Engineer: 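Here it is, the structure in full.
Being a predicted model, the structure only gives us computed values, none of them experimental. Any value given below was found using the heavy atoms of this structure, including those in side chains, with hydrogens, waters and symmetry copies removed. Letters A, B, ... mirror the listed sequences (proteins, then strands); counts begin at 1.
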Amino acid sequence: LPPTCDWRKAAGIISSVKNQENCNCCWAMAAAGNIEALWGIKHHQSVEVSVQELLDCGRCGNGCRGGFVWDAFITVLNNSGLASEKDYPFQGTVRTHRCLARRHKKVAWIQDFIMLPDNEQKIAWYLATQGPITVTINMKLLKQYQKGVIKATPTTCDPRLVDHSVLLVGFGTSKSVERKPAEAVSSQAHPQHSTPYWILKNSWGASWGEKGYFRLHRGSNTCGITKYPLTARVDQPVKKQRVSCP
Amino acid sequence: GSLRGQDPGPQPLELKEVFRLFQIQYNRSYSNPAEHARRLDIFAHNLAQAQWLQKEDLGTAEFGVTLFSDLTDEEFGQLYRHQSAAGGLPNVSKQVGSEEWGEP
């Protein structure tokens, strides 16, 4: 596992930060970001896929009232791909029963999708070797977040109550000054320690957080990041040796 | 009294002034004085909550005024929670897959 990984540094892989506005479509934006990134990595071709198509053509109806990343992937499979964002642009509202998928050329498609193990080391390995993935977290602390690495406890951010899907684009480690309780603060130099973190792309516009991104502590299942790590696959899985059942 | 005549240095901004700056930064206006007062109350509550989060955080995160600072937790949830239906995500258990999850 490399010490750091940041897919934003690779040209044409991570698209601009989106703003879901008054539409609860984080699930569709996270899935679209995942497909765009994997398509760019696999085919060396930068694409921006249509979030609106995921909303209009989803089997569950009004995608602006919430949804699941796996439903976005199922929509992509059912429609044999996705149109471009340019051809089928984001409106911020759903036109249920107005799916326009057939009118537009597909610019990206997937073979299938998988859920990764709930193990941060394995998630980091997959991220570093395959590409960005979607995760679903408890968004409670993001309302007041400005910058830095969030390290929460199950009390401050319940890892079981996940309600917001985002794109995991990297990881790293920062040197940070250890924060002491207010009463223990002294004039002495504070000890430094390293803070491993995840880098996540949100869909609340570039004026929120760290230019639209935020960081969560890595290694403590902060805000339930390991609960639903999902990713599409844009290529056929490598064939494994066959075994025969006796 | 003993400080009279001395430069008091930078002082913390009053809540109303912070709220006014928030309104300018995020282009917020409210329909009537009652709504303005209500949003100011919510803003104050959110600032207090941000201070608490700052104290509780074990990392390096900074919490404070954001574009959501005049929203209640409920309004924020309605705006951004990915599943508006009660109950959220289904309680999928690892029992069915264990370490094999992720395999085709």
Engineer: Calculate, to the nearest 0.5 Å, the distance between atoms CD and OG belonging to B:Q25 and A:S207 respectively.
Structural biologist: 8.5 Å
Engineer: Above 12 or not: heavy atoms from other molecules or residues under 6.0 Å from CG of A:D6?
Structural biologist: yes
Engineer: Is it true that A:K143 and B:D73 have a side-chain N and a carboxylate O under 4.0 angstrom from each other?
Structural biologist: yes
Engineer: Quick one: does B:W52's side chain get under 4.5 Å of A:T156's, heavy atoms only?
Structural biologist: yes
Engineer: With a 4.5 angstrom heavy-atom cut-off, which part of A:T153 approaches chain B: side chain, backbone, both or neither?
Structural biologist: side chain
Engineer: Verify whether the ring centers belonging to B:F76 and A:W204 lie closer than 6.0 Å.
Structural biologist: yes
Engineer: Between the main-chain N or O of A:Y145 and the side-chain N or O of B:T66, is there a donor-acceptor pair closer than 3.5 Å?
Structural biologist: no
Engineer: Counting only heavy atoms not in B:E17 (residues, nucleotides, ligands), do more than 12 fall under 6.0 Å from its CD?
Structural biologist: yes
Engineer: Go through A:G148, A:C25, A:G205 and name the one with the most non-hydrogen pairs under 4.5 angstrom from chain B.
Structural biologist: A:G148
Engineer: Sequence neighbours left out, what passes ring pair (Phe, Tyr, Trp, His ring centres under 6.0 Å) with A:Y126? Give chain and number order.
Structural biologist: none
Engineer: Can you tell me if CG on B:N27 sees more than 12 non-hydrogen neighbours from other groups inside 6.0 Å?
Structural biologist: no
Engineer: Is chain A contacted by the side chain of B:L79, its backbone, both, or neither, given a heavy-atom distance below 4.5 Å?
Structural biologist: both
Engineer: Could you tell me the separation between the CD atom of B:E62 and the NZ atom of A:K147, rounded to the nearest 0.5 Å?
Structural biologist: 4.5 Å
Engineer: Using atom types as modelled and distance alone, determine if a side-chain donor or acceptor of B:N46 lies under 3.5 Å from a backbone N or O of A:Q144.
Structural biologist: no
Engineer: Run the side-chain hydrogen bond (donor to acceptor under 3.5 Å, both in side chains) test against A:E120 and tell me which residues pass, sequence neighbours left out.
Structural biologist: A:W198
Engineer: My understanding is that only one of B:T60, B:L58, B:D57 makes a side chain to side chain contact (heavy atoms under 4.5 Å, CB included) with A:I150; could you say which?
Structural biologist: B:D57
